Amino acid sequence: MSLLDQLGRPLRNLRVSVTDRCNFRCGYCMPLSTFPDESKFMAPSSLLSFDEIERLIRLFVDRLGARKIRITGGEPLVRPQLPRLIERLARIPGVDDLTLTTNGYLLADQARALADAGLTRLTISLDSLDADEFARMSGNTRKLERVLAGLDAAVAAGLTPLKLNCVVIRGQNEAAVVALARHFRNTPHVVRFIEYMDVGTQNAWNPREVVPATEILRNIAAHFPLVPLEPSYPGEVARRYRYADGAGELGIISSISDPFCGTCHRARLSADGRLLTCLFAADGLDLRAHLRAGARDDELARILEGTWRARRDRYSEERSSRAQPSGRRRLEMYQIGG
Ligand code: SAM
Ligand code: SF4
Ligand code: SF4
């Protein structure tokens, strides 16, 4: 019998941030104006070590039933020796899926080592195929070519089918939607279009900049007719569609217009060891303090189980009824990894 939270949801997916640092400055996550240098990031000693991460993940898998582990950040590939962590996690019995989300900039050098270490899948964020638009979205640096080289390296290393994440923002990259759909049709890769979310406090989120899923789908379907598909597993975040002509599949993540808290089976572990039971949490449980105070496995497991059992989060479903949706303290996306 699975451990269930207050709304009857089991824990299945654990997202683990391995760093809050990043080599991009996407305006919707870590804007250049707020993060001109490295001074605001966590000190290296604050980050969980690979030993600490592995120990916690083993407990999440053995005691809480986590089955999918996603490594994220910040930009996970800036964490030194990341393939060594992947190798350790790939050996944990009970992990069905070990994956990673990256901006792709360092992937050309690391794809092979990650695949050899046992990574099963990969998601690459790609907001535009236009070099200037991509540069504007990622913080005014010309990086598209390197990301596309990273994508090719991931394919060559066998990390396929890839998932490609595109955050759609009105007035910034709406034209990228059809361009990305066209580019990745007739490939095994799946582009997932994501509604711009009010995560964190730095992106000056404005609901008018959200392009709703229905509009994204309408724009694609005007060029390439779509057919809805069943979820591939319970609690899948993206709604799936296939091209009617058999040219592949795409996904839509409609966290704003059609929230999916009812089937949210995700927990998040921040790079400094806080356990968050919702993307919009104001704070998390400080597991690092327990680890470094010498807590035994059974004590840690009891704390994790108690936290999950008490969980009642459903922020996205409550968003529309809040008087001031962005007026509340919360953690940043680059701290908790999306
Ligand atoms: N740096 C890596 C990357 O960009 O792929 C991993 C971390 S990033 C925080 C994880 C995902 O969150 C990315 O696909 C990014 O596009 C998405 N993201 C960040 N801020 C977002 C926002 N405000 N709304 C929707 N998605 C967002
Ligand atoms: Fe970095 Fe990813 Fe945030 Fe962009 S979305 S700033 S790549 S952590
Ligand atoms: Fe899950 Fe929180 Fe997002 Fe709802 S708002 S889907 S509970 S992470």
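This is a predicted model, so every value here is computed, not measured. Counting convention: from 1, in listed order, for ligands and their atoms alike.
At distances below 3.5 Å, not a single donor-acceptor pair connects side-chain atoms of Arg192 with backbone N or O atoms of Leu164.
Contact annotation: the side chain of Arg170 never approaches that of Arg208 to less than 4.5 Å [non-hydrogen atoms, C-beta and beyond]. With a 4.5 Å cut-off on side-chain heavy atoms, Lys68 and Leu14 do not count as touching. Looking at heavy atoms from C-beta onward, Leu122 lies in side-chain contact with Thr102 at the 4.5 angstrom threshold. Between Arg12 and Ser2 the shortest side-chain heavy-atom distance falls below 4.5 Å. Under the 4.5 Å side-chain criterion, counting only non-hydrogen atoms from C-beta, His189 is in contact with Val155.
Of the protein's heavy atoms, Val167 CG2, 3.2 Å lies nearest to atom 16 (O) of ligand 1. For atom 4 (Fe) of ligand 2, the closest heavy atom belonging to the protein is Cys26 SG, 2.3 Å. The nearest protein atom to atom 6 (S) of ligand 3, hydrogens excluded, is given as Arg266 NH2, 3.5 Å; this is a heavy-atom distance. Looking from atom 2 (Fe) of ligand 3 to the surrounding protein, the closest heavy atom is Cys278 SG, 2.3 Å. When only non-hydrogen protein atoms are considered, atom 7 (S) of ligand 3 lies nearest to Asp313 O, 3.5 Å. Among all protein heavy atoms, the one lying closest to atom 8 (S) of ligand 1 is Gly337 O, 4.4 Å. Nearest protein heavy-atom contact of atom 1 (Fe) of ligand 3 is Cys264 SG, 2.3 Å. Nearest to atom 18 (N) of ligand 1 among the protein's heavy atoms is Met333 CE, 3.4 Å. In terms of protein heavy-atom proximity, atom 8 (S) of ligand 3 is nearest to Leu279 N, 3.3 Å. Here the protein heavy atom with the shortest distance to atom 3 (Fe) of ligand 2 is Cys29 SG, 2.4 Å.
For the ligand labelled ligand 2, residue Gly74 lies inside the 4.0 Å heavy-atom shell. Using 4.0 Å as the threshold, Arg268 has a heavy atom nearer than that to some atom of ligand 3. By the 4.0 Å heavy-atom criterion, Gly74 is counted among the residues contacting ligand 1.
Ligand 1 places these atoms under 4.0 Å from at least one heavy atom of Thr72: 6 (C), 7 (C). Close approach to Phe260 involves these atoms of ligand 3, each under 4.0 Å from a residue heavy atom: 6 (S). Atoms of ligand 3 found under 4.0 Å from any heavy atom of Ser316 (numbered from 1 in listed order, with element): 5 (S). Close contacts of ligand 1 with Asn165, meaning ligand atoms under 4.0 Å from a residue heavy atom, involve 14 (O). The Asn103 neighbourhood of ligand 1 comprises atoms 2 (C), 3 (C), 5 (O), with distances under 4.0 Å to a heavy atom of that residue. Residue-ligand proximity, Phe24 to ligand 2, at heavy-atom distances under 4.0 Å covers atoms 6 (S), 7 (S). Residue-ligand proximity, Phe280 to ligand 3, at heavy-atom distances under 4.0 Å covers atoms 5 (S).
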Test Glu305 against Arg63 for salt bridge (Lys or Arg N to Asp or Glu O under 4.0 Å), laying out the working first.
-> CA-CA 8 Å; Glu305 287 164 2; Arg63 304 291 289 263; 3.3 Å; yes
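For atom 20 (N) of ligand 1, the choice among Tyr28, Tyr196, Trp205, Tyr105 with the nearest heavy atom turns out to be Tyr28. The nearest non-hydrogen atom to atom 22 (C) of ligand 1, considering only Glu195, Glu75, Arg192, Met197, comes from Met197. When the heavy-atom distances from atom 4 (O) of ligand 1 to Cys22, Cys29, Ser125 are ranked, the shortest goes to Ser125.
Between atom CZ of residue Arg288 and atom CG of residue Leu285 there is a gap of 12.0 Å, rounded to the nearest 0.5 Å.
If you look at Asn203 next to ligand 1, the close heavy atoms, those under 4.0 Å, all belong to the side chain. In Cys22, the part holding a heavy atom less than 4.0 Å from any atom of ligand 2 is the side chain.
Figure legend: cation-pi geometry between Arg25 and Phe35 absent, as NZ or CZ is not positioned both under 6.0 Å from the six-membered ring centre and within 45° of its axis. Because its NZ or CZ atom is both nearer than 6.0 Å to the ring centre of Tyr105 and within 45° of the ring axis, Arg146 counts as a cation-pi partner of that residue. A cation-pi arrangement, defined by a distance under 6.0 Å to the six-membered ring centre and an angle within 45 degrees of its axis, is present between Arg185 and Phe224.
Here Cys261 does not reach atom 2 (Fe) of ligand 3: none of its N/O/S atoms is less than 2.8 Å from the metal.
Other residues, nucleotides and ligands contribute over 12 non-hydrogen atoms within 6.0 Å of the CZ atom of Arg292.
Tracing side-chain contacts under 4.5 Å through hydrophobic residues (I, L, V, M, F, W, Y), one never reaches Leu77 starting from Leu47; they form parts of separate clusters.
A donor and an acceptor atom, one from each side chain of Ser49 and Asp51, are nowhere located under 3.5 Å apart.
Annotation for Asp127 and Asn173: closest pair O-ND2, 3.0 Å, computed over non-hydrogen atoms.
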